[in-house]
Amino acid sequence: MILGILEQGLIYGILALGLLITYRILDFPDLTVDSSFPLGAAVSAVLTLNGMHPALTLLCGMLAGALAGLITGFIHVKCKVRDLLSGIITMTALYSINLRIAGKANVPIFGTDTLFRNEFTRALPAWISDYSTVLLILLITLAAKLLLDLFLKTKAGYLLRAAGDNASVVTTLAKDQGSVKIVGLMIANALVALAGAVMCQQQRFFDISMGTGTMVIGLASVIIGTNLFKTFSFMKSTTMAIIGSILYKGCVSLAISLGLEATDMKLITAVLFLLILVAGQAKRKKVRIHA
Amino acid sequence: MLEFQSISKVYNPGTVHETLLFQDFSLSIEDHSFVTVVGSNGSGKTSMLNILCGTIPVESGHILIGGQDITKMKEFKRYRRMGRVYQDPAKGTCPTMTILENLSMADNKGKPYGLTRGTNKARIQEYKDMLAPLGLGLEDKLGIPVGNLSGGQRQTLALLMATMTPIDFLILDEHTAALDPKTAEIVMELTNKIVQEKKLTTLMVTHNLRHAVEYGDRLLMMHQGQIVLDKDGEEKKNTKVDDLLSIFNSISIECGN
């Protein structure tokens, strides 16, 4: 079970990195993620079935996710639709697009080689083959995290942080804050779609409903991580988000193992998220009284 | 030369709250002049700055810089040649980013913001040398998020950020109004020094009549979208705070206040 928690937690960790950009950095409640997650999965599943190398399908999934972010950004910035609504519009439209890409609501890829089950992994000795999946996921998550860390330290990364922090600074620096937001949404949704694609490779199927609650899972991970490790100033927020994701997945698994059904998963996901939000507020109140 | 040509501006057009602020408003400002602007609330001072910067559109008229019509130019593009400091010290800096990150970002204005390292380590010493003479201790706090600084420290930083790169115009919107008297003096002195050193064409809106009289080489008083007083050269030098106050009072009496 621990292996399963780690695998899924790390995959959702990539998702949390995306939410870190929209929610923490840009302060944009982006509901696109509920559909860009399955979008990445659909692209990955279909391309894998068509014989493309699984690793390449991840990249294609990311591209598709970036495109979804571009659409949401365009609707928000150019058509001047409110942030929440822009995401909802793209999310709804993508539901049909995802079905078109996949062809049907459920696409299994049991019969073909995947990223985690192929000639190479089958040749591995038994003692490591159990762990090859989690190690590979860890590698992908760490790569995504390190690249994001590096990006946030570049000039473009500074501008992205400024756009969420105080957009008028971006304008007075003679840069279009709208374009910066769009780029941020593209990167975030590319990461979310990557998480979806990896999830598809790990569970070996695409399902149209796999995106429901993505936003909640990602947000919960980010909030758990950043609240829990607030005092560790040396720790990067990307690290916090990934650890938060693993902890959150652990809590959900724990709740299920305590006698709840697997079908209750989304209910548990939502209730746990509510608990985290309320707990976070209670903690803040306490701090205010002390101050 | 900076020119406002027959600007008209209506707020809430087509509603019962429709108010005409500017009608046929014109003003020219010579290059390298330092203009201070006073006036009561609602007289159109800040609206004038917002129109110049493109923050709000106009109904008709033109804004020209060096003969070039910028009326249709987008706000962010106008800042290529302008720096702006707002009344709210929080508006000119990014709170969760460190002093160093804020300065590095401002230092790069006018160049592409690409995938190269955000902070140029070779410039750190220059930033420190720039901050040290202010006596605010900012040079030792480069790694601290700007949100932890006081209003005065943030406003000083915002002023430095706005004027770090080569610009022609400096727009100051009551930039000392939110500061305590002592800090306001420090920021005003620094402003004057930067304006003189860089020969910036400056428009400074202020409620501090003494600042308006002591600094700059031209003084404007605005009232109901019109310029009711325009003094420069010797005339400006001979203007006293009391003179301004009495004009202020007479205007207020006209309005029935």
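Throughout, a chain's letter reflects where its sequence line sits, starting with A, and its residues are numbered from 1. On a predicted model such as this, the values are computed, not experimentally measured, just so you know.
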Inter-residue atom distance A/Tyr158.OH - B/Glu101.CD, 0.5 Å rounding: 4.5 Å

Residue pair A/Thr154 / B/Leu115: nearest heavy atoms and the distance that separates them: CG2-O, 3.6 Å

A/Asp176 CG to B/Phe76 CZ distance, which is reported to the nearest 0.5 Å: 4.0 Å

A/Arg24 atom CZ, neighbour heavy-atom count above 12 within 6.0 Å: no

Taking every non-hydrogen atom, the tightest pair across A/Ala162 and B/Met97: N-SD, 3.9 Å

B/His62, NE2: over 12 other non-hydrogen atoms inside 6.0 angstrom: no

Side-chain heavy atoms of A/Thr172 within contact of B/Tyr86, under 4.5 Å: yes

NZ (A/Lys153) with more than 12 external heavy atoms under 6.0 Å: no

Best-contacting candidate, B/Glu75, B/Arg117, B/Lys91, against chain A by heavy atom pairs under 4.5 angstrom: B/Lys91

Separation between CG of A/Asp165 and OG1 of B/Thr96, rounded to the nearest 0.5 Å: 3.0 Å

Side chain / backbone / both / neither for A/Lys175 at chain B, heavy atoms under 4.5 Å: both

Under 4.5 Å from a heavy atom of chain A, the part of B/Ala162 involved: neither

Neighbour count above 12 (heavy atom, 6.0 Å) for B/Glu30 CD: no

Heavy-atom closest contact (A/Asn166 atom, B/Cys94 atom, distance): CB-SG, 4.2 Å

Pairwise distance OH(B/Tyr79) to OG(A/Ser168) - rounded to 0.5 angstrom: 8.0 Å

Most contacts with chain B, counted as non-hydrogen pairs under 4.5 angstrom, among A/Leu152, A/Val169, A/Leu150: A/Val169

Pick from B/Asn108, B/Thr165, B/Thr55, B/Asn102 with the largest number of heavy-atom pairs that fall under 4.5 Å of chain A: B/Asn108

Residues, nucleotides or ligands: over 12 heavy atoms within 6.0 Å of B/Phe22 CZ: yes

Spatial distance of atom NZ (A/Lys155) from atom CG (B/Asn120) [nearest 0.5 Å]: 7.0 Å

Reported CG-to-NZ distance for the pair A/Leu173 and B/Lys111, which is rounded to 0.5 angstrom: 12.0 Å

